Amino acid sequence: MKRYFKKLLAFGLACSCASMVLSCRRSSVVSVGENELFTLSYGSFEDELNLFTLSGTGTVNTYMAMRDGFFYIANGESKKIMELNSYGDLLSLYYNEEVTKAPSFAERNAVNAAKKAVAYPFNTLGPIAVDSRKYLYAVDTLPQSRQEHDAGKRLLLNNVVLRFSSDGNFIDYLGQQGPGGTPFPFIKDIYTTRTNELVVVCTTNDGPVVYWFNTDGFLLYTVPITNATVPLPEHDEEEGEYYVSVENVIPDTQSRRLFLKIDYFATTLDPALKVASGVEYARTLLCPLDVATGRYEQSLEIPPYEEAVSEKLNKSVYLIPFDFLGVTDSGWLFFSVPTERGYMIQMVQPNGQRILKRRLPVDHSEILYYSLELSGNGIVSALFAKRDHAEVAWWRTDSLLASFMGD
């Protein structure tokens with residue numbers, strides 16, 4: 001399960017066992033060492049990344065997914081997708097012939113060949129995902145002549161999801177209704193479940209819209225989400241009015257549920273004038289939504305990160321909401337927040353009984369861009385774009401989670 005987030009990476013996790021009330025027992029936070037797997041050069045060759053736009057302005061369209069120890073990198077700048085093993089060996093290349101020269105192994109392509117070369121006229125690549133059948137899903141942008149407009153909702157419909165079989169054959173593209181359907185609005189991310197169903201999360205002016213497809217690509221559910229329909233936590237009248245921010249929506253891998261990570265901000269009151277004086281962060285809830293019934297299940301409160309700032313003789317503590325990174329096949333929920341020396345990652349057990357935290361030190365000054373991935377078995381991996389090369393690394397948090405599985 002992936003989760004691709006575009007913030008400067010440095011990353012951390014902490015350990016603390018707690019019942020899921022706001023106050024958790026404090027414990028020391030230890031760091032997890034980075035395991036660098038391989039590096040990639042910048043360039044135009046088949047096994048290189050085109051990230052020359054890092055020195056300029058504009059959006060970077062490079063994403064990564066990891067499945068069973070194999071890495072899939074969609075490099076939109078060169079309109080290609082690379083499949084590599086954990087040593088950095090190129091195993092498959094999906095490429096646009098007008099941009100990338102056919103690799104040397106393309107001429108030797110055969111059904112049982114060790115390497116695959118697949119030509120496809122990619123336009124602007126986006127997020128990617130891979131299911132257990134090794135089917136590859138890639139977000140792409142349609143040419144302008146095939147784009148549509150939804151005037152009523154003020155949306156540009158120009159994204160589709162391309163599907164490739166495990167042998168590299170192009171199957172079809174998915175739109176809102178399924179194969180060959182109406183293009184999607186902007187796709188934030190795509191996910192696959194344990195049963196090889198595809199979940200597409202779109203961003204619209206009214207809020208996220210989720211499309212859930214079966215293994216054959218046919219639409220099962222469309223789930224629109226708005227601030228007006230999400231749960232509100234109980235609060236005192238003194239807290240003032242709540243403002244809602246749906247930070248992320250990620251599907252469960254085991255059942256047809258969505259996890260909504262929602263941040264709530266409350267108005268603050270001037271004690272003397274009894275009028276609203278501002279808005280500040282109040283709390284975070286993780287709200288499971290059954291897509292079949294449309295009903296929300298019991299919410300889980302997610303403790304925020306506490307940032308202590310000292311100035312002269314004064315010390316202030318600021319509460320910062322974590323970002324929702326993803327959920328593992330065993331149900332552990334991952335959250336992250338940037339810190340001065342890296343990232344803090346908070347892992348919450350499905351029932352909320354345990355909260356584990358680990359810090360992952362990374363030098364922010366070295367990272368120009370990154371793509372982060374959480375696999376279904378709980379491995380965190382990342383693509384780091386640095387000044388003169390890119391690195392792929394992972395952190396074996398799966399072994400940490402495994403030690404708690406029998407409890």
Side-chain angles (χ1 to χ4, degrees), residues 1-16 28-42 47-49 51 62-75 81-92 128-130 253 322-323 325-330 332-348 356-405:
M1 170 177 335
K2 78 173 155 5
R3 219 86 273 4
Y4 332 82
F5 301 95
K6 293 183 185 174
K7 296 179 181 171
L8 189 60
L9 181 73
F11 179 123
L13 299 157
C15 186
S16 148
S28 59
V29 178
V30 297
S31 297
V32 176
E34 171 189 330
N35 295 310
E36 181 184 328
L37 298 177
F38 57 88
T39 62
L40 294 170
S41 301
Y42 295 146
D47 57 351
E48 295 179 330
L49 287 179
L51 286 178
T62 294
Y63 305 82
M64 186 184 72
M66 192 278 283
R67 180 103 195 187
D68 301 328
F70 296 92
F71 293 85
Y72 303 80
I73 299 176
N75 185 205
I81 301 173
M82 297 184 293
E83 178 192 2
L84 308 104
N85 62 20
S86 59
Y87 299 101
D89 300 321
L90 182 64
L91 304 179
S92 302
I128 56 176
V130 180
T253 64
F322 282 88
D323 292 331
L325 183 59
V327 56
T328 68
D329 292 341
S330 59
W332 280 84
L333 306 156
F334 276 58
F335 302 86
S336 65
V337 68
T339 64
E340 184 179 357
R341 297 182 179 179
Y343 261 63
M344 180 69 71
I345 295 262
Q346 180 169 260
M347 297 174 286
V348 180
L356 308 179
K357 297 182 181 178
R358 290 293 184 273
R359 180 178 293 112
L360 207 160
V362 176
D363 186 353
H364 290 290
S365 64
E366 294 183 349
I367 312 298
L368 301 178
Y369 169 84
Y370 85 99
S371 178
L372 185 65
E373 163 77 8
L374 174 67
S375 69
N377 58 355
I379 298 176
V380 177
S381 54
L383 169 69
F384 295 97
K386 299 189 176 182
R387 191 167 303 279
D388 55 0
H389 68 279
E391 296 177 359
V392 172
W394 68 14
W395 298 268
R396 297 300 303 266
T397 49
D398 57 330
S399 58
L400 174 66
L401 299 183
S403 64
F404 292 92
M405 295 298 290

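Remember, predicted model here, so these are calculated numbers, not experimental data. All residue numbers in this chain count up from 1 along the given sequence.
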**Student:** Starting at OG1 of Thr39, measure out to NZ of Lys386 and round the result to the nearest 0.5 Å.
**Tutor:** 10.0 Å

**Student:** In the structure I gave you, are the side-chain heavy atoms of Arg341 and Pro361 within less than 4.5 Å of one another anywhere?
**Tutor:** no

**Student:** Minimum heavy-atom separation for Met66 and Asp68, please, with both atom names.
**Tutor:** SD-N, 3.9 Å

**Student:** On a heavy-atom basis, which atom in Leu372 and which in Ala382 lie closest, and how many Å separate them?
**Tutor:** CD1-CB, 3.9 Å

**Student:** Taking the side chain as every heavy atom from C-beta outward, state whether Leu49 and Met82 have any atom pair closer than 4.5 Å.
**Tutor:** yes

**Student:** In terms of side-chain heavy atoms, does Thr62 have a donor or acceptor partner in Asn75 at a distance below 3.5 Å?
**Tutor:** yes

**Student:** Let me confirm one number: the OG-CG distance from Ser399 to Asn377, rounded to the nearest 0.5 Å.
**Tutor:** 10.5 Å

**Student:** Heavy atoms, side chains only, cut-off 4.5 Å: are Phe334 and Leu401 in contact?
**Tutor:** yes

**Student:** Tell me, do Trp394 and Glu373 make a side-chain contact under 4.5 Å, heavy atoms counted?
**Tutor:** no

**Student:** Any side-chain heavy atom of Leu84 within less than 4.5 Å of one from Val392?
**Tutor:** no

**Student:** Distance-only, no hydrogens or angles: does the Thr339 side chain make a donor-acceptor pair with backbone N or O of Met344 under 3.5 Å?
**Tutor:** no

**Student:** So do Trp332 and Leu356 actually touch side chain to side chain, heavy atoms under 4.5 Å?
**Tutor:** yes

**Student:** Can you name the salt bridge (charged side-chain N to carboxylate O under 4.0 Å, His left out) partners of Glu48, sequence neighbours left out?
**Tutor:** none

**Student:** Please report the closest heavy-atom contact between Phe384 and Ala393, naming both atoms and the distance.
**Tutor:** CE1-CB, 4.1 Å

**Student:** Does Leu368 reach the side chain of Leu51, with side-chain heavy atoms less than 4.5 Å apart?
**Tutor:** no

**Student:** Measuring from atom CH2 of Trp395 to atom OG of Ser381, what distance do you get when rounded to the nearest 0.5 angstrom?
**Tutor:** 8.0 Å

**Student:** State, yes or no, whether a side-chain contact exists between Met347 and Leu400 at a heavy-atom distance under 4.5 Å.
**Tutor:** yes

**Student:** Write down the atom of Thr397, the atom of Ile379, and the distance for their closest heavy-atom approach.
**Tutor:** OG1-CA, 4.1 Å

**Student:** Residues two or more places apart in sequence or in another chain: which of them pass side-chain contact (heavy atoms from CB on, under 4.5 Å) with Asn85?
**Tutor:** Phe70, Tyr87, Asp89, Leu91

**Student:** For the atom pair CG (Leu40) and CD (Glu391), what is the distance rounded to the nearest 0.5 Å?
**Tutor:** 9.5 Å

**Student:** For the atom pair CE (Met64) and OH (Tyr72), what is the distance rounded to the nearest 0.5 Å?
**Tutor:** 12.5 Å

**Student:** Please name all residues satisfying ring-ring contact (aromatic ring centres under 6.0 Å, His included) with Phe38, sequence neighbours left out, ordered by chain then number.
**Tutor:** Phe71

**Student:** If you round to the nearest 0.5 Å, how far is OH of Tyr63 from CG of Leu383?
**Tutor:** 12.0 Å

